[in-house]
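This report refers to the structure that appears directly beneath it.
The sequence lines fix the lettering, A, B, ..., with proteins before strands; numbering per chain opens at 1.
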Amino acid sequence: MNHSGHVEYTATGMPNRKLAIWLFLASECMFFGALIATYLIYQGQSLVGPYPEDLFDIPLTTVSTFILLMSSLAMVLAVAAAQKEDLKQTRLWLAVTALMGLTFLGFQAYEYNHFIHAGLTLSVNLFGSTFYVMTGFHGAHVAIGVIWLSSLFAHTFRPVDPKRRALDIEIAGLYWHFVDIVWIVIFTVVYLLGVGG
Amino acid sequence: MATVQESFPTQRAAILPRPKSTTGFWSWVTTVDHKRIGIMYAVTAIFFFLVGGIEALIIRLQLFSPDMNVVSADVFNQLFTMHGTTMVFLAVMPLSAAFFNYLLPLMLGARDVAFPRLNAFSYWLFLFGGIFINTGWFVNAAPAVGWFGYANLTSPAYTPGLATDFWNIGLQILGIGTLVSAFNFIVTIINMRAPGMTLMKMPVFAWTTLVTSFLIIFAFPSVTVGMILLTFDRLFNANFFEVAANADVVLWQHLFWIFGHPEVYILILPAMGIVSEVLPTFARKPLFGYSVMVFSTILIGFLGFAVWSHHMFTVGMGPVVNSIFSLATMAIAIPTGVKIFNWISTLWGGSIRFKAPLLFALGFVWMFMIGGLSGVMHSSAPSNAQQQDTYFVVAHFHYVLIGGAIFALFAGLYYWFPKVTGRLMNEKIGVVNFVLMFIGFNVTFFPMHFLGLMGMPRRIYTYDPALGLQFWNQVSTIGSFILAAGVAVYLYNLAVSLKKGELAGEDPWDARTLEWMLPNPPPVYNFARIPVVSARDEFWARKYEGAPAKEVAAGSEDEEDGIHLPGNSYFPIIMAGMITLFGYGLLYSGALAVAAIILTILSAMGWAFEGVGGTIIYPKGDAE
């Protein structure tokens, strides 16, 4: 009798936790939607500089964006390994994903540092307020994802039912991909279109 | 129904052990049982309902005649702000949540909600958030910006001090709890229905809960973002609503009402669900037009997101935008009107028993209709310009929220009281309760239509004698005390019936849905064996239409080993407490805020690695 291992009965066949994370992500769409909309409403409305075109370094942010995108690939490999119950590969790809997330956060810290030295603070103008709050909340989501992935990594050293572990990792993966997709939108709308237009 | 229990082995030593007691104070603090959590929601919500009611009575006293000095203008602002905030977020919503909690698993044939610990977490966030918002009263900093908190009244320049922060951060704490419970209920409804209960066989109350929860998960993020922006403005000098930095204060109105209008349906849909359960039971007929009722509910949910700007007709959005939102608003009257006709048709030709729950439900149908009709009047932008910010609007939304939501919630309180306690509410006192509330409500709020048309603005602490507003204001104040007497009679009835109420036995109302197949009150595990559903009104069909009384083991392969009940846990209250501590830290001490974040993360990990816990219970004496 192994209660921790048995798969619960559900009316749809989808595990409760997986359904819950999908609902959470649906709600998060509205959350980031409101943040990005606020940024766009205030775009070009700042009375004093610095302005986006003074600061954005597209090649640099392209690199950090690429790293975050590739971390989704690592995440997929971690989920696949967990589903094949391959513990070694699971550990490897969980670690790679978390490290890539950390690297992205490092780029963000560098960018913030650079911007602050160039005079862009939270209080200086509307661009500063909207930029830091929007990207800051995205960064906080990445940071939570890194903590989550690290916990799952540590958890691989405990005896857990493999099916349950695969589900745990799959759910974290859904969250991770979502956070990536939000960044694609922010990168496109804020960085690429923001400077080019 | 004797039971045998054995404790369930935990997987490993956790940070905190699973609490063991099943009775007494700590068993309630650590409970994860949806029935107990439902009771806690109800008791807390009724407490806050009384607080909000007392605030309203002071408001009415101040307006009894011109130039009264019961309270100062400042305190008056605090009173209407906290009255609105309390009634919406701390009374009506959590009272609806009390019904969701207690009833949904029973109606769906489930053992509990999908995530019992998260359910407890939601309750504690509600309690702590309520305390947080009300902290202002005790440190001489009660919020005074209205429940809508329009920018830039909320700027540090116009409301310095902590008052607006208590409101702003307190609502964010409440918002987390509400969102979490919405995820929980959607998963419960979609995933945990008894075998055979297709979506179109669910009780309408489950449908309205489902749609309400979807409204919550899509509407709350918008106001959350608004409040986060305001937090950054107030605490970290950002510019989101600072006009000097070229900010647009109307942004707040959009973020607020994109949430605020769906919120209206978040308040009223559960009430509609309750009425849709009460009317068929006391008319002894199935609900008329079940499918239409369901689709109207869904349609109201969709349209609810397309009408927010009708709260902003006088902002100056232009005729095209105003026309679009006018039309969308009028369109909502159609599914709502369909529901009214469905309820009336449910009664038509039924063998009606006029018990207290039915009286309140009938009061709902009639009063809600009046509120709905004045709502259609507001939907026309030109006439809205006349009514904006007058007492006509106050009359309108109290007809929907008291005549609508509160009457329906009282119907539910009377109807399901025997389910929760095993005793019936006193019927005679119940009738007195209804009559007083019905008369008091109409005497209070109907005159406000006249006051509004005479031009009395909302949110003013007094008025000039020459305006001729005194008579109807006095009528209204007298009415408010009759209404309060009605509520007092309810509390008296509650006390009397809890102690000496007639024993309900099984199925006291000759009801129709699954929850009444259980003993009153239900055992901790709800259903010993899960019923297999073949009809919409399953219990009725089994009693009178020869539907098969089939049941199955709980869908788990190890039923022979008994029913696994989830273990109690300290972590829901701890984590909710840490989040609340973070709120206080933001206002009082950065170090406390940082410590609270770390403790929140630690308690989340403690929660995640707590282990299974719980007990296995063997119900005895059930029919094999």
Side-chain angles (χ1 to χ4, degrees), chain A residues 1-4 6-38 41-42 44-48 121-130 132-134 136-137 144 147-148 151-152 154-155 158-160 168, chain B residues 8 11-12 108 114-115 118 179 182-184 186-188 190-195 197-198 213-214 216-226 228-229 232-233 236-240 242 244-248 251 254-255 258 554-558 561 564 601 604-605 608-609 611-612 614 616:
Chain A
M1 160 177 107
N2 183 5
H3 277 263
S4 60
H6 93 225
V7 178
E8 63 208 340
Y9 163 84
T10 63
T12 57
M14 186 191 256
N16 285 341
R17 288 189 299 148
K18 196 164 161 184
L19 182 57
I21 195 81
W22 277 114
L23 293 167
F24 171 72
L25 296 180
S27 185
E28 287 269 271
C29 288
M30 295 299 287
F31 182 84
F32 280 106
L35 281 174
I36 295 170
T38 302
I41 287 165
Y42 283 153
Q45 301 295 315
S46 291
L47 297 177
V48 295
T121 62
L122 189 66
S123 319
V124 69
N125 57 15
L126 284 173
F127 170 52
S129 298
T130 49
Y132 283 123
V133 171
M134 175 184 60
F137 268 95
I144 289 169
I147 295 175
W148 190 350
S151 310
L152 286 173
H155 206 49
R158 287 183 180 273
V160 179
D168 286 345
Chain B
F8 193 80
Q11 277 177 304
R12 72 189 77 83
L108 299 174
F115 305 101
L118 281 179
L179 279 166
F183 300 135
N184 208 344
I186 296 177
V187 175
T188 305
I190 291 182
N191 257 358
M192 301 185 68
R193 284 164 284 129
M197 184 180 278
T198 57
S213 302
F214 270 108
I216 288 172
I217 70 169
F218 289 121
F220 266 61
S222 173
V223 77
T224 306
V225 165
I228 286 170
L229 303 185
F232 275 88
D233 269 12
F236 308 111
N237 298 316
N239 301 309
F240 291 105
E242 293 303 322
N246 204 24
D248 184 358
L251 173 64
H254 282 292
L255 289 174
I258 287 173
S556 126
E557 71 281 8
D558 46 19
D561 301 327
H564 176 215
I601 293 173
M605 290 195 160
F609 298 125
V612 175
I616 300 181

List in chain and number order the residues that pass ring-ring contact (aromatic ring centres under 6.0 Å, His included) with B/Phe214, two or more places apart in sequence or in another chain; answer none if no residue qualifies. none

If we only count heavy atoms from C-beta on, is the B/Ile217 to A/Met30 side-chain gap below 4.5 Å? no

Residue among A/Ala37, A/Ala34, A/Gly128, A/Ser46 with most heavy-atom pairs under 4.5 Å to chain B: A/Ala34

Looking only at heavy atoms, what is the nearest atom pair of A/Asn125 and B/Asn239, with distance? O-ND2, 3.1 Å

Value rounded to 0.5 Å, distance of CG in B/Asp233 from OG in A/Ser129: 6.5 Å

Using non-hydrogen atoms only, which part of B/Ala244 is less than 4.5 Å away from chain A: side chain, backbone, both, or neither? backbone

Go through the atoms of B/Ile216 and report whether side chain, backbone, both or neither lie under 4.5 Å from a heavy atom of chain A. neither

Can you see which heavy atom on B/Ile190 is nearest to which on A/Ala11, and at what distance? O-CB, 3.6 Å

Side chain, backbone, both or neither: which part of B/Asn184 has a non-hydrogen atom closer than 4.5 Å to chain A? neither

So what's closer than 4.5 Å to chain B heavy atoms on A/Val48: side chain, backbone, both or neither? neither

Answer with side chain, backbone, both or neither: which region of B/Ile228 has an atom nearer than 4.5 Å to a non-hydrogen atom of chain A? side chain

Rounded to the nearest 0.5 Å, what's the gap from CD1 on A/Ile41 to CZ on B/Phe240? Could you check? 11.5 Å

Does A/Tyr42 reach the side chain of B/Asp248, with side-chain heavy atoms less than 4.5 Å apart? yes

Is any side-chain heavy atom of A/His155 closer than 4.5 Å to a side-chain heavy atom of B/Phe609? yes

dist B/Ile601:CD1 -> A/Ile147:CD1 (nearest 0.5 Å) comes out at 4.5 Å

So CD1 of B/Ile186 and CG of A/Asn16: to nearest 0.5 Å the spacing works out to 12.5 Å

pair B/Phe183-A/Ser27: side-chain heavy atoms closer than 4.5 Å: yes

Would you say B/Asn191's side chain and A/Gly13's backbone share a donor-acceptor pair under 3.5 angstrom? no

Roughly how far apart are B/Leu179 CG and A/Glu28 CD, rounded to 0.5 Å? 9.5 Å

With side chains defined as the heavy atoms from C-beta onward, is the minimum distance between A/Ser151 and B/Met605 less than 4.5 Å? yes

Those residues that, when tested against A/Trp148, pass side-chain contact (heavy atoms from CB on, under 4.5 Å) (two or more places apart): A/Ile21, A/Leu152, A/Ile171, A/Ala172, A/Tyr175

At a heavy-atom separation under 4.5 Å, does A/Phe137 approach chain B through its side chain, its backbone, both, or neither? side chain

Measure B/Leu251 against the heavy atoms of chain A and call it side chain, backbone, both or neither at under 4.5 Å. side chain

Any donor-acceptor pair under 3.5 Å linking the side chain of B/Asn246 with the backbone of A/Gln45? yes

Supply the atom-to-atom distance B/Asn237 CG to A/Thr121 OG1, rounded to the nearest 0.5 angstrom. 9.0 Å

